[in-house]
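Each remark here refers to the structure printed beneath this line.
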Amino acid sequence: MSVRVRMAPSPTGFLHIGNVRTALFNWLFARHEDGEFRLRIENTDTSREVAEAAEQIQRSLSWLGLDWDGAVTFQLDRQAQCAEAAQRLLAEGRAYEDEGAIRFRMPDDGVTAWDDAVRGRVEFPNEKLEDLVIIRSDGRPTYNFASPMEDVWDGITHVIRGEDHISNTPKQLNVIRAVGAEPPVYAHVSHVFGADGKPLSKRHGSVTVDDFRHEGYYAPALLNFLALLGWSYDDKTTVMSRDELVARFTLARVVSSPAVFDYQKLDWMNGVYLRALPLDEYAEALVAYVRDEGYGWDEQLVRRAAPLVQEKIERFGQFPELARFLFEDVPPDPDLLDGAVLDAARNELGRVDPFTAERIEPVLRALAQRLELSPRKAFQPIRIAVTGSKISPGLFESLELLGKERSLERLSAAAATARA
RNA sequence: GGCGCAUUCGUCUAGUGGCCUAGGACACCGCCCUCUCACGGCGGCGGCACGGGUUCGAAUCCCGUAUGCGCCUCCA
């Protein structure tokens, strides 16, 4: 039998990265097994906010490339079915009315147990299980009734979810058995925490998929990083393409201990992916990022700047800082300038034609030698005058891209500032 | 408080009784490369929570303690 899993987020806001990791494991498992990955929204009302959150979730999954099978389903649409199922349990004496609500009878002795696909056998003493409200007095089903019933109706074979559901599992198992259905295999994955061991939240940095997109992370890198939070292929493989991840993913290699989200490692991995991109793809992705973030910069120039920054930034979000000088005026720090060097550089560069990095480099190197300065000493004031920063892409390439006219203007202006 | 889950370098992890004087990656430190910053190369620092067992032998199995987290809602 083919496997079928689901992601069942509640539409309470934006997609949290911890839920994305769980979604990823579901997706990888489904694709690896050649099964289905379903998306089910656990809504309890139909407000406008819910509709937006549901759309947001789908947009985020799409951006990540986690495609789902079939139509998206909504819990609210199954209220009537839940009510019918509850009535049957009532008629069979498996449930009883309690002040208008309907409660499911939990077994009183023995244990409820299951073989968790990531944790092994888990047992709960039944005496600790209280009779569960399955239908509220207002007629709406509760989560611990609706969710397992939907898993049954959807033919879910494996429930891969967060460990916060471990305590719910015995309740859901008893409900499923009471309606005469075969329970799915459960796999509880651990949580993802911030560096302080607390649940990931805004103060740790990016937490929603949107946050990561705005920071300029690249979806395949983010997925690769996330996959390694609680799962590994072997003792040394870290960089894996989406296809490799799908081919290699198994629940047996998912660990049960919680993980801390390491932003530095994510940055490193994102850099690995960005540097490995073919230049044209890199340039297009960079242009799209700059456009989406609303900078309004000349896209042709952004495209031409791509090769200058590809090896230097690990997130697209670092592009504006490094390349702003190409698009806007950047006042240099007067203390770091050197009038003599700048004047000389302006004169020499004024004679360079065509104004290309290839022609610029020997001229500036010769200049440094004539001034008896190390290249390092000689180039730094020029860099600061032209880019406004001590840190920039390669100087010669930067000058070429800026253009002769603007380069000379900046050199003149900076030289004047230095003399003042 | 009860029940449950977890515990290997700072972080992610490998490890399923001998291959472990515990391997890899990120971070950090040093050196090399170098027009800055990066990239890349080389090297280094650093860990089995604690205490009892079991065993010829334990990071690996059992028990206890500690710590962290989760759930205990007519929330999801």
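Distance check on atom P: C71(B) versus A14(B) gives 25 Å, rounded to whole Å. Here, C26(B) and A66(B) have their C1' atoms 29 Å apart, quoted to the whole Å. Across the P atoms, G24(B) and C42(B) are found 13 Å apart, a figure rounded to whole Å. U73(B) sits 37 Å from U13(B) when the C1' atoms are compared, rounded to a whole Å. Between the C1' atoms of A22(B) and U60(B), the separation comes to 11 Å (whole Å). The separation of C39(B) from A25(B), taken at their P atoms, amounts to 15 Å, rounded to a whole angstrom. A gap of 14 Å separates the C1' atoms of A58(B) and U8(B), to the nearest Å. One C1' atom belongs to A38(B), the other to A76(B), and the distance between them is 45 Å to the nearest Å.
Comparing Lys312(A) and Ser190(A), the nucleotide of RNA chain B nearest to each residue sits closer to the 5' end for Ser190(A).
Using modelled atom types and a 3.5 Å distance limit, the side chains of His188(A) and Thr169(A) yield a donor-acceptor pair. In summary, the side chains of Arg78(A) and Gln81(A) do not present any donor paired with an acceptor at a separation below 3.5 Å, with no hydrogens or angles considered. Inspection of the Asp196(A) and His204(A) side chains reveals an N or O donor paired with an N or O acceptor under 3.5 Å. Side chains of Tyr186(A) and Asp115(A): no donor on one and acceptor on the other come within 3.5 Å. Side-chain contact, Arg346(A) with Ser412(A): a donor N or O sits under 3.5 Å from an acceptor N or O. A donor and an acceptor atom, one from each side chain of Gln172(A) and Asp151(A), are nowhere located under 3.5 Å apart.
Using a 4.0 Å heavy-atom distance criterion, Val239(A) is classed as making no nucleic acid contact. Arg161(A) comes within 4.0 angstrom of nothing in the nucleic acid, heavy atoms only. Residue-level contact check: Val255(A) touches the backbone only, with heavy atoms under 4.0 Å from sugar-phosphate atoms and none from bases.
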Scoring nucleotides 66-76 of chain B by protein non-hydrogen atoms under 4.0 Å (B base, S sugar-phosphate only, - none) yields ---SBS--BSB
Using a cut-off of 4.0 Å between protein heavy atoms and nucleotide atoms, how would you tag nucleotides 22-31 of chain B 5' to 3' with B, S and -? -BSBBS----
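Classification of the Trp297(A)-Phe327(A) ring pair by plane angle, with boundaries at 30° and 60°, yields parallel. Classification of the His165(A)-Tyr143(A) ring pair by plane angle, with boundaries at 30° and 60°, yields tilted.
Pair assignment for C31(B) gives G41(B), based on Watson-Crick or G-U wobble hydrogen-bonding distances that are each under 3.5 Å. When Watson-Crick and G-U wobble pairs are counted only if both distances are under 3.5 Å, U36(B) pairs with no nucleotide at all. Across the strands present, U16(B) finds no partner; the criterion is a Watson-Crick or G-U wobble pair with both atom distances under 3.5 angstrom. Shown here, U21(B) forms no base pair; nothing in the strands shown gives a Watson-Crick or G-U wobble contact with both key distances under 3.5 Å. Nucleotide U67(B) has A6(B) as its partner under the Watson-Crick or G-U criteria, with both atom distances under 3.5 Å. Across the strands present, G1(B) finds its partner in C72(B); the criterion is a Watson-Crick or G-U wobble pair with both atom distances under 3.5 angstrom. C61(B): Watson-Crick or G-U partner is G53(B), with both key distances under 3.5 Å.
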Mind listing the N/O atom pairs, protein and nucleotides 33-35 of chain B, below 3.5 Å?
{"from": "C35(B)", "atom 1": "OP1", "to": "Arg365(A)", "atom 2": "NH1", "distance (Å)": "3.2"}
{"from": "C35(B)", "atom 1": "OP1", "to": "Arg365(A)", "atom 2": "NH2", "distance (Å)": "2.7"}
{"from": "C35(B)", "atom 1": "O2'", "to": "Arg383(A)", "atom 2": "NH2", "distance (Å)": "3.0"}
{"from": "C35(B)", "atom 1": "O2", "to": "Arg383(A)", "atom 2": "NH1", "distance (Å)": "3.4"}
{"from": "C35(B)", "atom 1": "O2", "to": "Arg383(A)", "atom 2": "NH2", "distance (Å)": "2.6"}
{"from": "C35(B)", "atom 1": "N3", "to": "Leu395(A)", "atom 2": "N", "distance (Å)": "3.3"}

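Residues Leu226(A) and Val20(A) are in side-chain contact: their nearest non-hydrogen atoms beyond the backbone lie under 4.5 Å apart. Counting heavy atoms from C-beta outward, Thr250(A) and Phe29(A) have side chains that stay 4.5 Å or more apart. Put simply, the side chain of Gln380(A) does not reach to within 4.5 Å of the side chain of Leu395(A), judged on heavy atoms. Contact of the Ile384(A) side chain with the Leu337(A) side chain is registered, since non-hydrogen atoms from C-beta on lie closer than 4.5 Å.
The phosphate of C5(B) (OP1 or OP2) has no side-chain N or O of Ser256(A) nearer than 4.0 angstrom. Phosphate contact (OP1/OP2 of G40(B), side-chain N/O of Arg275(A), threshold under 4.0 Å): present.
The 12-atom threshold is not exceeded at CG of Asp329(A), counting heavy atoms of other residues, nucleotides or ligands nearer than 6.0 Å. Atom CZ of Arg136(A) has more than 12 neighbouring heavy atoms from other residues, nucleotides or ligands inside a 6.0 Å radius. Summarising the local packing, CD of Glu130(A) is surrounded by 12 or fewer heavy atoms from other residues, nucleotides or ligands at distances under 6.0 Å.
One interatomic measurement links the two molecules: CD of Gln310(A) to P of G40(B), which rounds to 13 Å at whole-angstrom precision. Rounded to whole Å, atom P of C12(B) lies 17 Å from atom CG of Asp267(A). Rounded to whole angstrom, the span from the CG atom of Asn126(A) across to the C1' atom of G2(B) amounts to 15 Å. Atom pair Tyr282(A):OH and C39(B):C1' shows a separation of 12 Å (rounding to whole Å applied). For the pair Lys128(A) NZ and G2(B) P, the interatomic distance rounds to 9 Å; values are reported in whole Å. Atoms OH (Tyr186(A)) and C1' (G4(B)) sit 16 Å apart, rounded to a whole Å. Remark: C1' of U16(B) and CZ of Arg253(A) are 11 Å apart, rounded to the nearest angstrom.
Shown for residues 213-231 of chain A: residues whose heavy atoms fall under 4.0 angstrom of RNA chain B, namely Leu228(A), Leu229(A), Gly230(A). Remark: nothing in residues 317-332 of chain A comes within less than 4.0 Å of RNA chain B through any heavy atom.
The distance from the CD atom of Gln310(A) to the CG atom of Leu274(A) is 7.5 Å, given to the nearest 0.5 Å.
A ring-centre distance under 6.0 Å is found for Phe261(A) and Phe212(A).
Checked against ring pair (Phe, Tyr, Trp, His ring centres under 6.0 Å), Phe249(A) has the following partners two or more places apart in sequence or in another chain: Phe25(A), Trp231(A).
Residues Thr237(A) and Arg248(A) come closest through the heavy atom pair CG2-NH1, 3.6 Å.
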